[in-house]
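Data block below; observations after.
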Amino acid sequence: MTHRPTGEPARPVRPHPADAFPDTPPPEAAGTDPAVLTALLRRHGWQRRGGAPGRYGRWAPPGPGTGTSLLVPVGRTFSDSEDLLAEALHALSRSGTPSAREILLALAVPSDEIRWSRDLPPGPGDAVAWTADEQLRTAARRTLLAAALATRARAGAGHHGARHRGQAAAALDGVLVGPAPDGRGLTAFVPVATGRPLAVCLFHALHAAREAVDLQRVTGSMDAFATAVGAGVSHELTEALVTLVRGTEGARIGVDWAPAAGVPEGCVSGAAPVEFSPGDLPVLLEAGRRYRSAEPSVTVTVTGAVVRMYRSQPQGDGMVRLRVLAGADVGHLRVTLGEEDYRTAGHAHLMGLPVRMRGLLTGRSGFRRLTEAREVAPVQVDEAERDRLLKALQESTDDFGTAFGPACDD
């Protein structure tokens, strides 16, 4: 059987609801804080080119000859402040400056911004390979998933595997993605209301990973990675960083806090992006291997519905796949059973009953396999649950028995 270290990829982040700009109206001036707009303009490299002190500022986009400047009021004290703010938002929605869209996105939903950027060898016409964008998005998804897993539960020795993966992936439903013109950069918008713990965890984990890599390269010791687990560093995060850096001349991840919400406790404003280079890859790969091998197996008692069964001979041991109902923070498990236990599982499957068993949840398989299974027995359930399980059985009768290949692989 093959094993994908990170399991199924996290579900893709959604386009931002404001992504239709400039085809839809910009945010309403009445709901926009001039101080927040000013902070976003400064963050994206706009320069103040004058304006009446204490009343409004004239902001010009970065670069020479890149468009019309904006008049942004300092506050709402003066009678024309609302009109100036509305005109500035309208001008932003019509601006051809790339940063204008991201500013509007940040205004639409107050969000912490996570930015990935990569230094890629230039191709003809400064183009990049079409696979670069796919690789960048994969790395970004894995980075966010690693942070979401760490907010759910700290991995004991740095390996989450399949534990909490469903809940972590669901936590990414609210993450929004901005436009990405090429494979060199990507921005994710994490709404403050629902996703700030994820952004804070990622901020600390990235700095802890950078420090651990630096210490290893200076001292040769991997000990700092054991301490970094407490900050959210894990096998999943190191693997995401490897995906981000591989094939580049360097890559960075930065976190910018939503101006409307301020800087969270324990973090700093304006911190430089955390940078990783190809020279860090051997250390990150070794750390990932250590995290995965160091995570101990856990004894659990699992209750699950048998959804697939397979054995190559009419008698002897067989393999079953369980949909976990209780006892482990994973969605499915593979279990090898002896002949009598396999028969017990088959009878329970035919009757629409779950089974309970005790065994070791092994870290080397990403916590997708239960070994040394024992005490296998059917579990009585109420009629409604039994009917539901039987209906699921009837809808997937082709998955039962020995008529199909070993489909217990993930």
Side-chain angles (χ1 to χ4, degrees), residues 4-11 13 111-116 138-175 188-213 222-245 253-257 264-268 271 273-274 276 283-285 287-296 298 328-331 361 363 366-368:
R4 295 195 302 271
T6 58
E8 297 179 1
R11 59 190 74 180
V13 291
S111 305
D112 297 321
E113 301 174 26
I114 301 173
R115 303 177 186 279
W116 295 260
T138 298
R141 285 195 299 269
R142 290 180 176 180
T143 304
L144 293 175
L145 181 61
L149 285 167
T151 60
R152 295 292 306 178
R154 289 287 190 265
H159 185 204
H160 295 280
R163 296 173 297 178
H164 304 289
R165 188 167 294 272
Q167 300 96 316
L172 301 186
D173 282 348
V175 177
F189 298 82
V190 182
V192 171
T194 57
R196 171 146 280 193
L198 184 154
V200 171
C201 179
L202 181 59
F203 178 85
H204 291 303
L206 289 172
H207 285 83
R210 179 66 264 171
E211 182 178 353
V213 170
M222 299 289 292
D223 292 346
F225 280 98
T227 306
V229 172
V233 181
S234 63
H235 165 78
E236 287 75 12
L237 180 63
T238 58
E239 191 169 69
L241 294 175
V242 168
T243 302
L244 179 69
V245 175
I253 306 177
V255 181
D256 290 323
W257 308 113
E265 184 179 357
C267 301
V268 297
V274 181
F276 296 90
V283 182
L284 292 169
L285 288 167
R289 284 191 291 266
R290 285 174 175 253
Y291 282 144
R292 187 176 172 189
S293 62
E295 190 76 24
V298 182
D329 296 311
V330 297
L361 193 62
F367 302 96
R368 295 176 179 85

### Task
Determine yes or no for a side-chain-to-main-chain donor-acceptor pair under 3.5 angstrom, with H235 supplying the side chain and G158 the backbone.
no

What side-chain donor-acceptor pairs closer than 3.5 Å can you find for residues 195-202, not counting sequence neighbours?
unit_1 : atom_1 : unit_2 : atom_2 : d
R196   : NE     : D112   : OD2    : 3.0
R196   : NH1    : G262   : O      : 3.0
R196   : NH2    : D112   : OD1    : 2.6
R196   : NH2    : D112   : OD2    : 3.4
R196   : NH2    : G262   : O      : 3.1

### Message
Between W116 and G254 (side chain of the first, backbone of the second, donor and acceptor by atom type, cut-off under 3.5 Å), is there such a pair?
### Response
no

### Task
Considering non-hydrogen atoms only, spot the tightest contact between R163 and L149 and give its length.
O-CD2, 3.5 Å

### Task
Apply the side-chain contact (heavy atoms from CB on, under 4.5 Å) test between R165 and each candidate in V330, D329, L145; give the one that qualifies.
L145

### Nearest-0.5 Å distance that lies between atom CD in Q167 and atom OG1 in T151
10.5 Å

### Task
Ignoring hydrogens and angles, tell me if any N or O in the side chain of R142 forms a donor-acceptor pair with the backbone of A139 under 3.5 Å.
no

#### Entry: Verdict with reasoning, V213 to F225, per side-chain contact (heavy atoms from CB on, under 4.5 Å)
CA-CA 8 Å; V213 170; F225 280 98; 3.7 Å; yes

### Sidechain-backbone polar pair: E113 side chain, V255 backbone, donor-acceptor under 3.5 Å
no

### Trace of the side-chain contact (heavy atoms from CB on, under 4.5 Å) decision for F189 with I114
CA-CA 7 Å; F189 298 82; I114 301 173; over 6 Å; no

### For A209 against L241, the heavy-atom pair lying closest together
CB-CD1, 4.3 Å

### Task
Given side-chain contact (heavy atoms from CB on, under 4.5 Å), test S293 with H159 step by step and report yes or no.
CA-CA 9 Å; S293 62; H159 185 204; over 6 Å; no

### Message
I want to check something: taking the side chain as every heavy atom from C-beta on, are V268 and F203 in contact at a cut-off of under 4.5 Å?
### Response
yes

### Query
Which atoms form the tightest heavy-atom contact between A208 and A228, and what is the distance?
CB-CB, 4.1 Å

### Message
Between H164 and H160 (side chain of the first, backbone of the second, donor and acceptor by atom type, cut-off under 3.5 Å), is there such a pair?
### Response
no

### Worked verdict on L244 versus F276 for side-chain contact (heavy atoms from CB on, under 4.5 Å)
CA-CA 9 Å; L244 179 69; F276 296 90; 5.7 Å; no

#### Entry: Minimum-distance pair of heavy atoms, taken over all atoms of D256 and R115
OD2-NE, 3.1 Å

#### Entry: Minimum heavy-atom distance V175-A188, with the two atoms named
CG1-CB, 4.0 Å

## Note on the structure
One should read off an interatomic distance between T238 OG1 and R292 CZ, to the nearest 0.5 angstrom, of 11.0 Å

